Amino acid sequence: MPRRSLLLLATLTAAALFTIFLLVPATPHAWKGLAGSLPQWRTASTTSATPSASTVAELVTADREALKALELTAPFDFRRRCFDVRPTKGVRRSSLASVKVDLLAIPPSQGLTVDDLLPPCQESVKLDVPFFDPRAKVDTSALYLGVATTMSRVHASLPAFSRWLSGTGSPLLALLVDQPDLNEQAAAIGMLRAMAADLDIDIIFEPYNGDVEHDSEGLKNFALAEAFDKHQRPGTRWYGIIDDDTFFVSLPAMLQALKPYDPARPWYIGALTEGLFRVAQEGFKAWGGAGFFISPPLMSQLAASAARCRPLDQGFGDILWRDCILEVTSPTVKLTQLPGLNQIDLWGDISGWYESGLHPMLTIHHWKSWHFHPIPLASFITSVAGPDTFLQRYVFNDDVVMTNGFSIVHYPHGLPDLNLAELTFAEDVNKMQKPGQLMFHYSLGATRPALQVGREKVSWELKFAAFGPGARSVRQFYVKKRVEEEGDGARDSVIEVDWQRG
C-alpha cells in the first residue's frame, strides 16, 4: 500500500479511537509562525473558544499550518513522541530527571512534505511531574510591577506579558519615557488600554516628566520610584522593577520566592549577572533585566529622595537604584541575592545556558534581543505540565537529553558531564570568542568546553508550539535544519512532542 494511503489509514483510525492529540492553535494568530513579528500569545485563562478539531480535515489543516510555520525544506524527516503527565505530590524539580525509555527508538517517517499527513504517536509515556493545580487562581496583586519603556514597545510586549501576567491581579505601571504628555496620544493610549483589558492585564500609564530627548536610560528608569509613589495601590507588599523583555515563568512562584522576607522592613532583592567580568565593571548590584524587588518602606524612602539621587546617575537604571540605596539608607540596605532571577548577559550560541539545568527558574531576560528563542511559545508547557517542567532536563536511555521548551540533544559518543554547563557563549555583546577560563560564571559555576555540533552533539531546537482544546494538551515542534556539511542525503528533521494532562 502506498505510504500516503498508510498514513491516511493510520490517522483515520487514531482519530476514531481518540488516541492521538487533536490539537488546535492557542489563538488564531498562533499558527502564523515565528518569522518576522512574533505571534499573539495568550494564556489558557484568556484564550477564546477554539473550534473543534474532531474531524480529520481539521487535523490535516492544523498539521499543514504547523509545518508551514516551521519553514522547512521538503522533503523532511518526522518523529512524534507523546507524554501523559501526572501532577504528583512529592515530585520535585531537579537539575536532571531520568526517563527510562529511548526517545529516538521509533524510526522517523522519511521524505515528508507539508502536504503529507503526520503519523500519530505509536505509544504514550507516562511521566510524573511536580504537583500543581491548573484550576487554582492565585492572586498576586501584592506584587506591583513597573517598567520604563516606550509606547511602541508596550504595544509589542503586551502579548508576551499576557503569558504570565493575565488574570493574576498584579498591576503593571508603564512609565512611557518617550511621552511627556499622555493627552497628546490619547487615542493610542486608549488603544493600549483596550488591548491590555482584552488580555486581562491591569495596566497604569504614566508620562515621563524629565527631558525625554536628553535624559539617560538611568534617569528614566529610576523615575519609576516617584511613579510608584504617585500610583500607590493598597495591599502592595512588593514592588518589582523589570525590563520589557523580562519574562516570568510564574508570578505565583515569584511571590512565593519572596515569602521568607518581611515586606514591612527595607529590602533590596535581586541577582547578579552571569559573568564576573560585568560584575567587575558595574559593581555589586541587582541587574534590572532579571527583575529586582523592593519593599514598600524602602520604595517610599527612594521616592522621597529622588532629587537627591538623580545627580548620582551613571547612565544605567539598575546602577542608579543601587547608588541611591547606598546614599540614603542607614544602616545600608544591602543587596539580598535571590536564585532563579536570570539576566542572561550572554552572546552568541547560548544553548549552553538553557541546557544547563538551572533551578529554580523564575525569570528569563534578553530572549528577543541579545538572543532569540520563542519563550512565550516555549512556556505553553507550564499550562499543561506545570511551571516546574519548563526548561526541566529529561535524560533518556539512548543518550538523549530534552530540555523542555528549548531543545532535544542526542550525544552520539555518550553523555558528557551534565553537571557542568557547556561553554557555548561569550560574555559581551558582538564578541564571539569564548573566554579562556572555565570557571567564571556566577550562576553557572564550572563549565565544560563546547562540543562539535553535528558530530559530538546533534540538536533539535523548539521552533513552534500550540495548545489543544481546553489547554489540557500542548504540541511542541523541535527542528534540526539540514546543513551543507551533512551531504546530499541530509534533510530537515522534526521531532514533535505532545504533552497531555490526564
Side-chain angles (χ1 to χ4, degrees), residues 43 45-46 136-149 151 153-154 157-158 160-177 179 182 189-190 192-209 220-244 246-248 250-270 286 288 291-306 309 317 321 324-325 328 333 338 341 362-363:
T43 60
S45 62
T46 61
K137 292 187 179 297
V138 179
D139 181 5
T140 64
S141 58
L143 177 55
Y144 190 172
L145 300 170
V147 60
T149 187
M151 190 161 63
R153 289 178 70 94
V154 169
S157 300
L158 278 174
F161 284 166
S162 73
R163 273 298 300 149
W164 48 266
L165 186 56
S166 290
T168 62
S170 282
L172 176 66
L173 172 60
L175 176 62
L176 300 180
V177 298
Q179 301 298 324
L182 298 189
I189 295 295
L192 288 177
R193 284 200 175 100
M195 182 179 179
D198 183 56
L199 294 170
D200 199 9
I201 293 174
D202 180 5
I203 196 166
I204 306 103
F205 292 104
E206 174 68 10
Y208 181 63
N209 295 323
K220 292 175 178 178
N221 189 273
F222 185 68
L224 279 168
E226 291 180 286
F228 275 132
D229 191 64
K230 176 181 177 181
H231 296 279
Q232 292 184 37
R233 289 287 185 93
T236 298
R237 296 173 64 84
W238 293 102
Y239 293 97
I241 293 85
I242 62 173
D243 285 355
D244 56 28
T246 304
F247 191 94
F248 286 90
S250 163
L251 271 194
M254 185 67 250
L255 198 57
Q256 182 66 25
L258 294 169
K259 193 173 182 180
Y261 309 99
D262 180 3
R265 298 177 55 201
W267 287 102
Y268 168 45
I269 298 173
F292 63 93
F293 304 89
I294 291 176
S295 60
L298 180 57
M299 185 62 75
S300 295
Q301 189 175 2
L302 297 177
S305 306
C309 289
W321 284 95
C324 187
I325 292 170
V328 306
V333 177
L338 184 64
L341 304 173
L362 296 174
T363 63

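Because only heavy atoms are used, hydrogens play no part in the values below, and waters and symmetry mates are left out as well, while side chains stay in. Quick caveat, the model's predicted, so the values are computed rather than measured.
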- Which heavy atom in A264 sits nearest to a heavy atom in P297, and how many Å separate them? O-CG, 3.3 Å

- ring pair (Phe, Tyr, Trp, His ring centres under 6.0 Å) involving F248 - partner list, sequence neighbours excluded: W164

- Task: Go through the steps for Y261 and W238 under the test side-chain contact (heavy atoms from CB on, under 4.5 Å), then give the verdict.
- Result: CA-CA 10 Å; Y261 309 99; W238 293 102; 3.7 Å; yes

- If you round to the nearest 0.5 Å, how far is CE of M254 from CG of L251? 9.0 Å

- Message: Looking at every heavy atom in both A286 and G270, which two are closest together, and how far apart are they?
- Response: CB-CA, 3.8 Å

- Atom pair CD1 (I204) and CZ (R193), whose distance is rounded to the nearest 0.5 Å: 9.5 Å

- Query: According to the salt bridge (charged side-chain N to carboxylate O under 4.0 Å, His left out) rule, which pairs have a member within residues 223-236, sequence neighbours left out?
  - Reply: D202-R233, E206-K230, E226-R310

- With a 4.5 Å limit on heavy-atom distance, are the side chains of I241 and M299 in contact? yes

- Message: Closer than 3.5 angstrom, by distance alone: can the side chain of Y268 be matched with the main-chain N or O of L298 as a donor-acceptor pair?
- Response: no

- Can you tell me how far CD1 of I242 sits from CG of L165, rounded to the nearest 0.5 angstrom? 8.0 Å

- Message: Closer than 3.5 angstrom, by distance alone: can the side chain of S166 be matched with the main-chain N or O of L199 as a donor-acceptor pair?
- Response: yes

- If we only count heavy atoms from C-beta on, is the T168 to L143 side-chain gap below 4.5 Å? no

- Are side-chain heavy atoms of L255 and V138 found at a separation under 4.5 Å? no

- How far apart are the closest heavy atoms of W267 and S295, and which atoms are they? N-OG, 2.8 Å

- Taking side-chain hydrogen bond (donor to acceptor under 3.5 Å, both in side chains) as the test, write out the residues that go with S157, two or more places apart. K368

- Quick one: ring pair (Phe, Tyr, Trp, His ring centres under 6.0 Å) partners of F292, sequence neighbours excluded? W321

- Note on the structure: When rounded to the nearest 0.5 Å, the distance separating CE of M151 from CZ of F205 is 9.0 Å

- Query: Given the rule in the side-chain contact (heavy atoms from CB on, under 4.5 Å) test, do F228 and I294 qualify, once you have shown the distances and angles that lead to the verdict?
  - Reply: CA-CA 11 Å; F228 275 132; I294 291 176; over 6 Å; no

- Residues two or more places apart in sequence or in another chain: which of them pass side-chain hydrogen bond (donor to acceptor under 3.5 Å, both in side chains) with R265? none

- Message: Please evaluate residues I201 and L158 with respect to the criterion side-chain contact (heavy atoms from CB on, under 4.5 Å), reporting the C-alpha separation (whole Å), side-chain torsions for both, the decisive distance (0.1 Å), and the verdict.
- Response: CA-CA 9 Å; I201 293 174; L158 278 174; 4.0 Å; yes

- Item | Heavy-atom pair of closest approach, residues L341 and G291 | CD1-O, 3.5 Å

- Distance from L258 atom CG to R237 atom CZ, nearest 0.5 Å? 10.0 Å

- Item | Residue pair C324 / F222: nearest heavy atoms and the distance that separates them | SG-CZ, 3.6 Å

- Rounding to 0.5 Å, atoms CG (L172) and CG (L145) come to a distance of 6.5 Å

- Looking only at heavy atoms, which two atoms of Y208 and A223 are closest? And how far apart? CE1-CB, 3.8 Å

- Message: According to side-chain hydrogen bond (donor to acceptor under 3.5 Å, both in side chains), who are the partners of S170, at least two apart in sequence or on a separate chain?
- Response: T140

- Message: Checking A148 now: which residues fulfil side chain to side chain contact (heavy atoms under 4.5 Å, CB included) with it, not counting sequence neighbours?
- Response: L175, V177, N221, L224

- Query: Can you name the residues that form a side-chain hydrogen bond (donor to acceptor under 3.5 Å, both in side chains) with D244, not counting sequence neighbours?
  - Reply: T149, R153

